[in-house]
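Order of the sequence lines sets the chain letters (A, B, ...), proteins ahead of strands, with each chain counted from 1. All of these numbers come straight from a predicted model, not from anything done at the bench.
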Amino acid sequence: MELISVKAALGGAIPSGTKVEVRGWVRTRRDSKAGISFVNVHDGSSQDPVQVVAPSTLPNYQDGVLKLTAGASVIARGTLVQSQGKGQAMEIQADEVQVIGLVDDPDHYPITPKQHSLEFLREQAHLRVRTNTFGAVARVRHHAAQAIHRFFHEEGFFWVNTPIITASDAEGAGQMFRVSTLDLSNLPRTEAGKIDFSKDFFGKEAYLTVSGQLNVEAYCLALSKVYTFGPTFRAENSNTTRHLAEFWMIEPEIAFADLNDDANLAERFLKYVFKATLNERMDDLKFFEERVQKGVIERLEKFVNSPFERLDYGAAIEILKRSGKKFEFAPEWGKDLQTEHERYLTEEHVGRPVVVMNYPEGIKAFYMRMNDDGKTVAAMDVLAPGIGEIIGGSQREERLDLLDARLRKMGLDPAHYGWYRDLRRYGSVPHAGFGLGFERLIVYLCGLQNIRDAIPYPRVPGWAQF
RNA sequence: UCCUCGAUAGCUCAGUCGGUAGAGCGGCGGACUGUUAAUCCGUAGGUCCUUGGUUCGAGCCCAAGUCGAGGAGCCA
């Protein structure tokens, strides 16, 4: 008797006639008066369930097998055989179906074999992973994460675990969650009446990180090729299909590199991860193709096989102006590209991924490197058909005087950036990197509409259940 | 945060002009069949989001609130 996964049972590598055991959860049960029941069992290892054929001669047929409903857990032992029915190659002719856990209230069990709305399933986050859709998302998510680590490892990058808690209020990438052990109902005060954070856990104000970039830059200027991949927090009151309060971000950083190196890295990176997902999870992608978004596989295949177009921001604005398209927001030099602009560029004008480079300094962060024209910075966005911006990155300002000038121009005090400025004083080198929201990548891979379906337990304003 | 839309059975939804609450799926019972989200018959199942108002009478009209969705802003 060999314990096997459902995936292995269906995989064809195990010869017919082998005695096997599978463990999992019931998806459906169909009874035949010929004296058998068909129980579809899934264990998460594959998109498809295995069909367990349970004869009515089993001792627990009446008060066991016939009590099975969607969601019940079982251990089935029997012979793996070629199926007599259509719809599956292999099935398990059961000698024993052990009922492990029944569903208490089958009439209220929320996961039925019909299509549920994704909104409803979000409120059942602990059970939604039992559905085809969320099982598939979970598997794709795992394979994408593995592919990301594998890509960087193979290219000689080191994974750096930057801090989750930060006492620096200088990251400037958005609203932060405060971390404190102070008693909110009895706050210590200074003589001036302000909250006395010197009494707080870290002796000063602390927050959850909004980006590991600044920290990983330091490691870049020693290890040369590094990346972060970890949880990230934004306390913005964003209620959209693209924002989470807690998400996972990937941020590579490369030394002795400029913006072109950065764009090349982004292109290799995305293609590697997409290719790996196509290779490793085609079963789930086919499900998304059928049930979630038509064309998602072709979109990925085209992405993998198309060279990225490079486009200067200024040229992009000109293209948009001359497009003859009616945009809700008129394109104008000095303003950021709207989603409608990005979609036009990548979907209609070029028809494949585009890297837009060298944006006006006024709309980009302080750490981005000033170009020689004095008007633009070495920033880039990778735009993908069907979604728009998927990666944002830049070459970092490695010249101390220019960094200080830019900080001051943006109303920031260079004194607050002591250790970050040190990196420009001690063996500074040109370096570059980019940031990618992992869940946005998952949305794109799976053809989802809402980022809340791309993470197991989404956290958004007003919602932190489970 | 702003704009728009929505909330009716476990789920997905219908509900006409304001007049006693409906279907499909799921559950339960039965029939039938190596079945495939099986099929067929029967059956149970309701705080119509909450509060207030209008009315002889409100799922339906009005007001406020709560929650959800989509879009915008911000962004990854």
Interatomic distance, [X] [atom1] vs [N] [atom2] [rounded to whole Å]:
| X | N | atom1 | atom2 | value |
| --- | --- | --- | --- | --- |
| Leu10(A) | U36(B) | CG | P | 18 Å |
| Ile363(A) | C74(B) | CD1 | C1' | 14 Å |
| Ile451(A) | G70(B) | CD1 | C1' | 16 Å |
| Ile92(A) | U36(B) | CD1 | C1' | 16 Å |
| Asp31(A) | G27(B) | CG | P | 10 Å |
| His108(A) | G45(B) | NE2 | P | 12 Å |

Listed by chain and number, what are the side-chain hydrogen bond (donor to acceptor under 3.5 Å, both in side chains) partners of Gln51(A), not counting sequence neighbours?
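With neighbours one apart ignored, the set is Arg30(A), Glu91(A).
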Residue list, side-chain hydrogen bond (donor to acceptor under 3.5 Å, both in side chains) with Thr69(A), at least two apart or on another chain
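With neighbours one apart ignored, the set is empty.
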Quick one: salt bridge (charged side-chain N to carboxylate O under 4.0 Å, His left out) partners of [X], sequence neighbours excluded?
| X | result |
| --- | --- |
| Glu290(A) | none |
| Arg299(A) | none |
| Arg150(A) | Glu280(A) |
| Glu246(A) | none |

Identify which nucleotide among [options] has an atom closest to any side-chain atom of [X], counting heavy atoms from C-beta outward.
| X | options | answer |
| --- | --- | --- |
| Arg234(A) | G34(B), C75(B), A72(B) | C75(B) |
| Gln338(A) | A72(B), G26(B), A69(B) | A72(B) |
| Thr69(A) | C75(B), G27(B), G34(B) | G27(B) |
| Asn450(A) | C74(B), A69(B), C28(B) | A69(B) |
| Arg30(A) | G10(B), U36(B), G73(B) | U36(B) |
| Trp463(A) | C75(B), G68(B), A72(B) | G68(B) |
| Arg242(A) | G34(B), C75(B), C74(B) | C74(B) |

So what does [X] hit on the nucleic acid, given a heavy-atom distance under 4.0 Å: a base, only sugar-phosphate, or nothing?
| X | answer |
| --- | --- |
| Ser117(A) | sugar-phosphate |
| Gly85(A) | base |
| Arg452(A) | sugar-phosphate |
| Arg27(A) | nothing |
| His116(A) | sugar-phosphate |
| Ser83(A) | base |
| Phe120(A) | sugar-phosphate |
| Glu91(A) | base |
| Gln93(A) | base |
| Asp105(A) | nothing |
| Ser32(A) | base |
| Ile250(A) | nothing |

Could you check whether the rings of Tyr444(A) and Phe303(A) sit parallel, tilted or perpendicular, using 30° and 60° as the cut-offs?
perpendicular
Ring-plane angle category for Phe157(A) and Tyr227(A), please: parallel below 30°, perpendicular beyond 60°, tilted otherwise.
perpendicular
Any chance the rings of Phe152(A) and Phe158(A) have centres within less than 6.0 Å?
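No: the rings miss the under 6.0 Å criterion.
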Show every ring-ring contact (aromatic ring centres under 6.0 Å, His included) that has at least one partner inside residues 327-346 of chain A, sequence neighbours left out.
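Output for this query lists Tyr313(A)-Trp333(A), Phe327(A)-His341(A), Phe327(A)-Tyr344(A).
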Enumerate the ring-ring contact (aromatic ring centres under 6.0 Å, His included) contacts for residues 11-45 of chain A, please, sequence neighbours excluded, ordered by first and then second residue.
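Non-adjacent pairs meeting ring-ring contact (aromatic ring centres under 6.0 Å, His included): zero.
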In what stems does RNA chain B take part, counting only runs of at least 3 consecutive Watson-Crick or G-U pairs whose two distances fall under 3.5 Å?
B:1-7 with B:66-72, B:10-13 with B:22-25, B:27-31 with B:39-43, B:49-53 with B:61-65
Distance between [atom1] atoms of [N] and [M] (Å, rounded):
| N | M | atom1 | answer |
| --- | --- | --- | --- |
| C13(B) | U51(B) | P | 25 Å |
| G29(B) | C62(B) | P | 46 Å |
| A44(B) | U50(B) | C1' | 28 Å |
| G71(B) | U43(B) | P | 44 Å |
| A63(B) | A69(B) | C1' | 23 Å |
| U39(B) | G19(B) | C1' | 39 Å |

Residue whose nearest RNA chain B nucleotide is more 5′ - Pro110(A) or Lys86(A):
Pro110(A)
Nearest heavy atom decides the nucleotide; on that basis, is Leu68(A) or Glu119(A) closer to the 5' end of RNA chain B?
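Going by which nucleotide is closer to the 5' end, it is Leu68(A).
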Atom of Arg128(A), atom of Pro458(A) and distance for their closest heavy-atom approach:
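Between these two residues, the closest heavy atoms are NH2-CD, 3.6 Å.
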Side-chain (Glu389(A)) to main-chain (Val382(A)) donor-acceptor, under 3.5 angstrom
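No.
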Do the side chains of Arg281(A) and Asp283(A) get close enough for a salt bridge, i.e. N-O under 4.0 angstrom?
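Yes, charged N to carboxylate O under 4.0 Å.
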Enumerate the residues from residues 38-66 of chain A whose closest heavy atom to RNA chain B is under 4.0 Å, giving them by residue number; use none for an empty result.
Phe38(A), Gln51(A), Val53(A)
Protein-nucleotides 1-8 of chain B N/O pairs closer than 3.5 Å?
from	atom 1	to	atom 2	distance (Å)
U1(B)	OP1	Asn237(A)	ND2	2.7
U1(B)	O4	Asn237(A)	O	3.4
U1(B)	O4	Asn239(A)	N	3.4
U1(B)	O4	Asn239(A)	ND2	3.0

Taking only residues at least two apart or on different chains, which pairs with a member in residues 55-64 of chain A satisfy side-chain hydrogen bond (donor to acceptor under 3.5 Å, both in side chains)?
Ser37(A)-Tyr61(A)
Side-chain-base donor-acceptor pair under 3.5 Å for Gln88(A) and U35(B):
yes
Side-chain N or O of Arg29(A) less than 4.0 angstrom from OP1 or OP2 on U36(B)?
no
